[in-house]
Undergrad: 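Quick one: structure below, then a few questions.
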Amino acid sequence: MMTAARSADSGLAGPGELDRYPYSDASGADRVGPPVWESAEPELGRVGRRAAGSRGRGLHGQLVQQLGQMIVSGDLGADRPLVPEEIGQRFEVSRTVVRESLRVLEAKGLVSARPNVGTRVRPVSDWNLLDPDIIEWRAFGPQRDDQRRELSELRWTIEPLAARLAAGHEREEIKQRLGDMVEIMGHAMSQGDALTFSRADAEFHALLIQLAGNRMLEHLSGIVSAALQVSGGPVTGCDRPNEASLGHHARIVDALAAGDGAAAETAMRQLLTVHPEVERVVPAPREH
């Protein structure tokens, strides 16, 4: 087992320190700053026990999660070398787990592996900022304000267009499913069931983008899904379930049934309109 002193030298957390990472189990209100790594607690055991409970991804997924969070939060800065043997010892995982985890991070643009150079952390400009994991890690890290603003602005670009395009398609099974989601959301809201509401809401938006019939927009659906899962961001109709939010969803469904693209786009813009307290985050739609 490596010592805490060596851990501090490289910037990697020791095994016990992993469970101190706040992103895995903290509520949205608690996710207010970068992680604290100052003290080691060896008795806490193996990597990411808390993360395992919330994600169920196994050691490989947990290591990706932990290293990814550390890179995005800045705990592992750009051009920092990542030595697989050292990571394996610190996180108490096999070489295979480390190797596969680094490959995943490389695919996300977070690290690069080169002969005679090794694996190093890449600068932010190289990251795949549209990757849902990176979106989540940024949203709960030091870049959270920028990430949430950027997500909101991107949704304003994607979803009104998707709503307009969706009205021109006759896939009745998807339109029926959208109506079903509105009914589920309404029932969940009356029961105070926020989890069911959020799941139905996420499926509603994913189905809408699917109905748009544009494969490039559909490729971006993960961004919308990630935005809906990020708590504490700019407040939209989807962030505060209420009668107005439900009404906007229902109007989108009605507009789709009528084949009215303009009405569907308008209803989506109304749904995404921010509340006054965060009006500066997302601009209001321009009048044409």
Side-chain angles (χ1 to χ4, degrees), residues 25-31 53-56 132 135-136 139-140 148 151-152 154-156 158-213 217-218 220-278 282:
D25 62 345
S27 66
D30 295 333
R31 292 167 170 155
S54 61
R55 289 184 172 269
I135 288 174
E136 177 185 336
F140 296 133
R148 290 166 179 166
L151 278 175
S152 293
L154 198 55
R155 288 188 67 190
W156 270 81
I158 295 171
E159 295 196 82
L161 173 60
R164 174 182 285 272
L165 293 175
H169 294 275
E170 300 298 331
R171 299 179 65 180
E172 296 302 324
E173 72 283 1
I174 296 183
K175 292 182 179 180
Q176 178 60 50
R177 186 64 177 161
L178 285 166
D180 292 343
M181 291 303 102
V182 173
E183 290 187 13
I184 292 172
M185 291 163 67
H187 180 72
M189 188 172 65
S190 68
Q191 299 296 315
D193 186 350
L195 178 59
T196 297
F197 186 98
S198 65
R199 287 175 174 171
D201 187 25
E203 183 167 348
F204 179 96
H205 290 268
L207 286 167
L208 183 67
I209 292 177
Q210 180 182 347
L211 183 60
L217 281 180
E218 192 169 345
L220 297 176
S221 63
I223 298 170
V224 175
S225 177
L228 290 169
Q229 294 173 18
V230 171
S231 61
V235 182
T236 71
C238 295
D239 295 316
R240 289 186 175 178
N242 51 40
E243 292 295 338
S245 169
L246 193 63
H248 291 318
H249 283 87
R251 278 188 284 278
I252 292 172
V253 171
D254 291 342
L256 296 178
D260 190 338
E265 180 179 358
T266 297
M268 178 58 76
R269 290 189 181 279
Q270 291 172 339
L271 177 60
L272 295 177
T273 299
V274 296
H275 290 259
E277 63 268 29
V278 289
V282 181

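Note that these values count all heavy atoms, side chains included, but never hydrogens, waters or copies made by symmetry.
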Undergrad: Of all residues at least two apart in sequence or in a different chain, which pass the side chain to side chain donor-acceptor pair (under 3.5 Å) check with Asp193?
TA: Thr196
Undergrad: Distance-only, no hydrogens or angles: does the Arg164 side chain make a donor-acceptor pair with backbone N or O of Ala264 under 3.5 Å?
TA: no
Undergrad: Please list, chain by chain and in numerical order, all residues satisfying side chain to side chain donor-acceptor pair (under 3.5 Å) with Glu183, sequence neighbours excluded.
TA: none
Undergrad: Could you grab the distance from atom OG1 of Thr273 to atom CE of Met268, nearest 0.5 Å is fine?
TA: 11.0 Å
Undergrad: Only pairs at least two apart or in different chains count here, so list each side-chain hydrogen bond (donor to acceptor under 3.5 Å, both in side chains) that has a residue in residues 251-261.
TA: His248-Arg251
Undergrad: Among residues at least two apart in sequence or on other chains, which ones pass salt bridge (Lys or Arg N to Asp or Glu O under 4.0 Å) with Glu173?
TA: Arg171
Undergrad: Say you draw a straight line from NE2 of His205 to CD1 of Ile158; how long is it, rounded to the nearest 0.5 Å?
TA: 12.0 Å
Undergrad: Only pairs under 3.5 Å count here: list side-chain donor-acceptor contacts from residues 184-192, not counting sequence neighbours, and write none if there are none.
TA:
unit_1: Ser190; atom_1: OG; unit_2: His187; atom_2: O; d: 2.6

Undergrad: Does the side chain of Leu256 come within less than 4.5 Å of Leu208's, by heavy atoms?
TA: yes
Undergrad: Between atom CD of Gln210 and atom CG of Leu217, what is the distance when rounded to the nearest 0.5 Å?
TA: 12.5 Å
Undergrad: Rounded to the nearest 0.5 Å, what separation is found between the NE2 atom of His169 and the CD1 atom of Ile174?
TA: 9.5 Å
Undergrad: Taking side chain to side chain donor-acceptor pair (under 3.5 Å) as the test, write out the residues that go with Arg177, two or more places apart.
TA: Glu203
